[in-house]
Engineer: 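My structure is below; once you've seen it, I'll send some questions.
Letters go in sequence order (proteins before strands), and every chain restarts at 1. As a basis for the values below, the full set of heavy atoms in this structure was taken, side chains included, without hydrogen atoms, waters or symmetry mates.
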Amino acid sequence: MLFTKSEKTFALIDGNAFYVSCERVFNPKLSGRPVVVLSNNDGCVVARSDEAKALGVAMGAPYFKIRKPYEKAGGIALSSNYTLYADLSSRMMSIIGQYSDRQEIYSIDESFLEWTGFRHFDLDRLAVDLRQRVGQWVGIPVGIGIGCTKTLAKLANRLAKKHPDFRRAGICNLTALPDAALERYLSGFEAGDVWGVGPRWAAKLARQGIRTAFDLSRVEPAWVRQHYNVVLERTAWELRGVACLSQEEAPPTKQQIVSSRSFGRLVGDLASLRQAVSTYTARATEKLRQQGSQTQALTVFLHTPPFNTQEPQYHPSVTVRLQEPSSDTLTLGKAALSGLERIYQPGYRYQKAGVMLLELSSARVEQQVLFPQTPGGTRARSSRERLMETLDRVNREMGRDSLWTASQGIHRQEASPNWRMQRGNLSPAYTTRWDQLPQVKAI
DNA sequence: TCTGGGGTCCTAGGACCC
DNA sequence: TCTGGGGTCCTAGGACCC
């Protein structure tokens, strides 16, 4: 027997060219045309429509390098609008979640559903219905892959997008296939395209004669562990139909939280860096409170531009330990600035700064400290907690950046100091700002 | 000649994912 | 001129413990 069929069933649903599809929902002029969405500062291509792919635009391509020929060919480039994508994502995910009580939201555009025990249903029809509903209710086209392990569901999802046998329907169900057919599809599937096989391992596997997903499924898993590691061994098992990965329904709380940005232009002065670091700390700390955690150490780092060899290079970082765990924007902001002062060297032009919060723990577990630094001890701290609750509530209800600390700079975001990122072609916040709602004009 | 055995914790680095 | 941002897991090796 070539393949084991695990008792489980997984479906992987993801949005096609998700960011581009989000833009198209509210701007029909974009349909049928080459469209790309760019990373922050309009740096790299992070999403491409089929038409853009057909023009040969590569994922991750620096936009300035392809801009001229791309625009000449009628291509459109948009700055990324994460507010819009996050909102459409949550709508899409809630519809997908109607098709199983076991949903894992894997990324902004991908979701696993566990369909174990659903085999008395017609899974293909279920998938057709799901796809149609998401299309009608949110306007995002999705692809669906079904397999008896998550790795096979991922692989099926890819076949649903690329393979002529499935592309029309956008659905590929590997659980319904006989072994011979499964072997045929896996043999036509490059090992490097398997989930969990990156470029390094793909190259090493190829040197050892393992070129397709089928090849990888035939290798002795123990051998894989010996020559690679346990992660790739699991992948090999999963390709055979032995489920090693299970559904992670409740997202685990993060072990670290990072907030960093490249600047709109190179920055050399400490005052601007202080504003940037304060802003990133505030953002990271807000995320920290959202997941109910506190941190005991944070790292501040700076980077000079990596691609410009003319610039003198300097990549300092420093970790600042706190005396007691905290989730307070003011406390952490102060700690971050003290770290910045320690690593800052004049004479360099920096391209990026960032803050990482480490050693996270639940804020509900009260750690007693021998000599609390807050004057007045617990009472002073609880008033700080109330301040943070208010800060978060105001920013939640009145919009992000309604309330901020003076160290972040006294201008509103729109004033755009020199370190803010550039977003030259940003679409409106169609679904999250009253003043930017789409309008329908009567003729 | 011959130098125990079993364990934890921490860090750095390497690989992967979207 | 112009090259994103945010994560995870695993392994090896060193320090240290009894």
Side-chain angles (χ1 to χ4, degrees), chain A residues 12-15 17-19 36-47 57-68 70-71 77 79-82 85-86 89 104-112 150-151 154 157-158 191-205 224-235 238 244-245 248 251-266 276 280 283-284 287-288 291 297 299 301 303-311 317 319 321 349 351-360 421-425:
Chain A
L12 177 69
I13 300 98
D14 77 339
F18 184 67
Y19 297 167
V36 298
V37 173
L38 304 175
S39 63
N40 287 339
N41 289 310
D42 296 340
C44 299
V45 172
V46 293
V57 175
M59 190 68 170
Y63 188 60
F64 76 93
K65 287 188 178 171
I66 60 160
R67 177 175 189 156
K68 271 196 182 153
Y70 176 70
E71 290 181 356
S79 306
S80 41
N81 185 345
Y82 284 102
Y85 311 150
S89 169
E104 173 182 343
I105 295 172
Y106 180 68
S107 74
I108 192 165
D109 72 326
E110 278 179 79
S111 174
F112 284 101
K150 287 173 120 182
T151 303
K154 274 286 247 192
N157 177 281
R158 182 136 178 146
D193 290 336
V194 172
W195 188 38
V197 180
R200 297 293 177 99
W201 286 350
K204 183 171 169 187
L205 286 167
V224 177
R225 181 181 207 134
Q226 206 187 333
H227 290 83
Y228 296 82
N229 66 13
V230 67
V231 179
L232 195 64
E233 182 193 7
R234 282 199 280 260
T235 300
E238 288 239 323
C244 301
L245 306 171
E248 311 281 342
T253 53
K254 302 233 183 301
Q255 299 176 36
Q256 60 178 53
I257 293 174
V258 180
S259 178
S260 73
R261 286 286 180 283
S262 297
F263 302 131
R265 46 186 80 93
L266 299 183
Y280 304 156
R283 174 65 48 81
K287 287 189 210 162
L288 183 71
Q291 70 161 26
T299 295
F301 62 87
H303 274 302
T304 50
F307 297 103
N308 188 344
T309 47
Q310 308 299 314
E311 292 285 330
S317 75
T319 299
R321 302 197 58 82
R349 302 197 305 155
Q351 186 248 354
K352 182 176 185 174
V355 175
M356 304 170 63
L357 307 183
L358 315 165
E359 294 181 35
L360 309 192
M421 64 183 172
Q422 310 287 307
R423 291 196 290 183
N425 199 4

Engineer: So, OP1 or OP2 of C/dC2: does either fall under 4.0 Å of a side-chain N or O from A/Gln351?
Structural biologist: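 For C/dC2, OP1/OP2 do not have a side-chain N/O of A/Gln351 under 4.0 Å.
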Engineer: Among C/dG4, C/dG7, C/dT11, which nucleotide sits nearest the side chain of A/Cys44?
Structural biologist: C/dG4
Engineer: Might you point out which heavy atoms bring A/Leu245 and A/Glu238 nearest each other, and give the distance in Å?
Structural biologist: N-OE2, 2.8 Å
Engineer: What's A/Ser80 touching, base or sugar-phosphate or nothing? Going by heavy atoms closer than 4.0 Å.
Structural biologist: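 Nothing: the residue A/Ser80, judged by heavy atoms under 4.0 Å, touches no strand.
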Engineer: In whole angstrom, what separates A/Gln255's CD from B/dC17's C1'?
Structural biologist: 15 Å
Engineer: Reckon A/Ser260 has a side-chain N or O less than 4.0 Å from the OP1 or OP2 of C/dG4?
Structural biologist: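 A/Ser260 to C/dG4 OP1/OP2: no side-chain N or O under 4.0 Å.
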Engineer: Rounded to whole angstroms, how far apart are OH on A/Tyr19 and P on C/dG5?
Structural biologist: 13 Å
Engineer: What does A/Asp109 touch in the nucleic acid at a heavy-atom separation under 4.0 angstrom: a base, only the sugar-phosphate, or nothing?
Structural biologist: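 Result for A/Asp109 = sugar-phosphate.
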Engineer: Under 4.0 angstrom, heavy atoms only, what part of the nucleic acid is A/Arg261 near: base, sugar-phosphate, or nothing?
Structural biologist: sugar-phosphate
Engineer: Need the pair for C/dC18. Rule: Watson-Crick or G-U wobble, both distances under 3.5 Å, any strand; none if unpaired.
Structural biologist: B/dG5
Engineer: Which heavy atom of A/Gln291 sits nearest a heavy atom of A/Lys254, and at what distance?
Structural biologist: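 So the minimum-distance heavy-atom pair works out to OE1-N, 2.7 Å.
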Engineer: Would you tell me if any nitrogen or oxygen in the side chain of A/Lys154 comes within less than 4.0 Å of OP1 or OP2 on B/dC18?
Structural biologist: yes
Engineer: Report the distance from atom CH2 of A/Trp195 to atom P of B/dC18, rounded to the nearest whole Å.
Structural biologist: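 Computing the A/Trp195:CH2 to B/dC18:P distance gives 8 Å.
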Engineer: With a non-hydrogen cut-off below 4.0 angstrom, is A/Lys65 in contact with a base, only sugar-phosphate, or nothing?
Structural biologist: base
Engineer: Does A/Lys204 put a side-chain nitrogen or oxygen below 4.0 Å from OP1 or OP2 of B/dA15?
Structural biologist: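 For B/dA15, OP1/OP2 do not have a side-chain N/O of A/Lys204 under 4.0 Å.
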Engineer: Quick check for you: among C/dT8, C/dG5, C/dT3, whose closest atom lies nearest to any side-chain atom of A/Gln256?
Structural biologist: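 Comparing C/dT8, C/dG5, C/dT3 against the side chain of A/Gln256, the answer is C/dT8.
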Engineer: Looking only at side-chain atoms of A/Val46, point me to the closest of B/dA15, C/dG4, C/dT3.
Structural biologist: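 Looking only at heavy atoms from C-beta outward on A/Val46, the closest nucleotide is C/dG4.
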Engineer: Relative to the 5' end of DNA chain C, which residue comes earlier, A/Gly43 or A/Pro252, by the nucleotide with the nearest heavy atom?
Structural biologist: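 Here A/Gly43 is the residue nearer the 5' end.
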Engineer: Given C/dT3, B/dC18, C/dC10, identify the nucleotide with an atom nearest to the side chain of A/Glu110.
Structural biologist: B/dC18
Engineer: Would you call the rings of A/Tyr19 and A/Tyr85 parallel, tilted or perpendicular, taking 30° and 60° as the class edges?
Structural biologist: parallel
Engineer: So which atom in A/Ser262 and which in A/Met421 form the shortest heavy-atom distance, rounded to 0.1 Å?
Structural biologist: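 Shortest heavy-atom separation between A/Ser262 and A/Met421 comes out as O-CB, 4.3 Å.
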Engineer: Measure from CG on A/Leu266 to P on C/dT1 and round the result to the nearest Å.
Structural biologist: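 So the CG-P distance, A/Leu266 to C/dT1, works out to 13 Å.
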Engineer: Please pick, from C/dG7, C/dT3, C/dG5, the nucleotide with the shortest atom-to-atom distance to any side-chain atom of A/Phe64.
Structural biologist: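 Looking only at side-chain atoms, A/Phe64 lies closest to C/dT3.
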Engineer: Out of C/dC10, C/dG5, C/dG7, which has the shortest distance to the side chain of A/Val258?
Structural biologist: C/dG7
Engineer: Once the angle between the rings of A/Trp195 and A/Tyr106 is folded into 0 to 90°, is it parallel (under 30°), tilted (30 to 60°) or perpendicular (over 60°)?
Structural biologist: perpendicular
Engineer: So if I take every side-chain heavy atom of A/Ser39 and compare against C/dG5, C/dG4, B/dC16, which nucleotide ends up nearest?
Structural biologist: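 For A/Ser39, the side-chain atoms sit closest to C/dG4.
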Engineer: Measure the distance from NE2 on A/His303 to C1' on C/dG5 and round it to the nearest whole Å.
Structural biologist: 12 Å
Engineer: It should be established whether A/Arg234 places a side-chain nitrogen or oxygen under 4.0 Å from OP1 or OP2 of nucleotide C/dC10.
Structural biologist: yes
Engineer: If you only use heavy atoms from C-beta on, which nucleotide in B/dC18, C/dT3, C/dG6 is closest to the side chain of A/Ser107?
Structural biologist: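 Of B/dC18, C/dT3, C/dG6, B/dC18 is nearest to the side chain of A/Ser107.
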Engineer: Among B/dA15, C/dT11, B/dC17, find the nucleotide with the atom closest to the side chain of A/Val230.
Structural biologist: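 Of all the options, the side chain of A/Val230 is nearest to C/dT11.
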Engineer: Whole-Å distance between C/dT11 C1' and A/Leu232 CG?
Structural biologist: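 Rounded to the whole Å, the gap is 15 Å.
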Engineer: If I compare all heavy atoms of A/Asp14 with all of A/Glu110, which pair ends up nearest, and what's the gap?
Structural biologist: CB-CG, 3.4 Å
Engineer: Checking all strands, does A/Tyr106 fall into the base, sugar-phosphate, or nothing category for heavy-atom contacts under 4.0 angstrom?
Structural biologist: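 If one applies the 4.0 Å heavy-atom cut-off, A/Tyr106 turns out to touch the sugar-phosphate alone, with no base involved.
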Engineer: If you look at every heavy atom in A/Ser39 and A/Ser80, which pair is closest and at what distance?
Structural biologist: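 Smallest heavy-atom distance, with atoms named: C-OG, 3.9 Å.
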Engineer: Let me know the distance between CG of A/Leu358 and P of B/dT11, rounded to the nearest Å.
Structural biologist: 10 Å
Engineer: Report the nucleotide, chosen from C/dC10, C/dG5, B/dC16, that has the shortest atom-to-atom distance to any side-chain atom of A/Pro199.
Structural biologist: B/dC16
Engineer: Roughly, in whole Å, what's the span from CD in A/Gln310 to C1' in C/dT3?
Structural biologist: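 Checked: the CD to C1' distance equals 16 Å.
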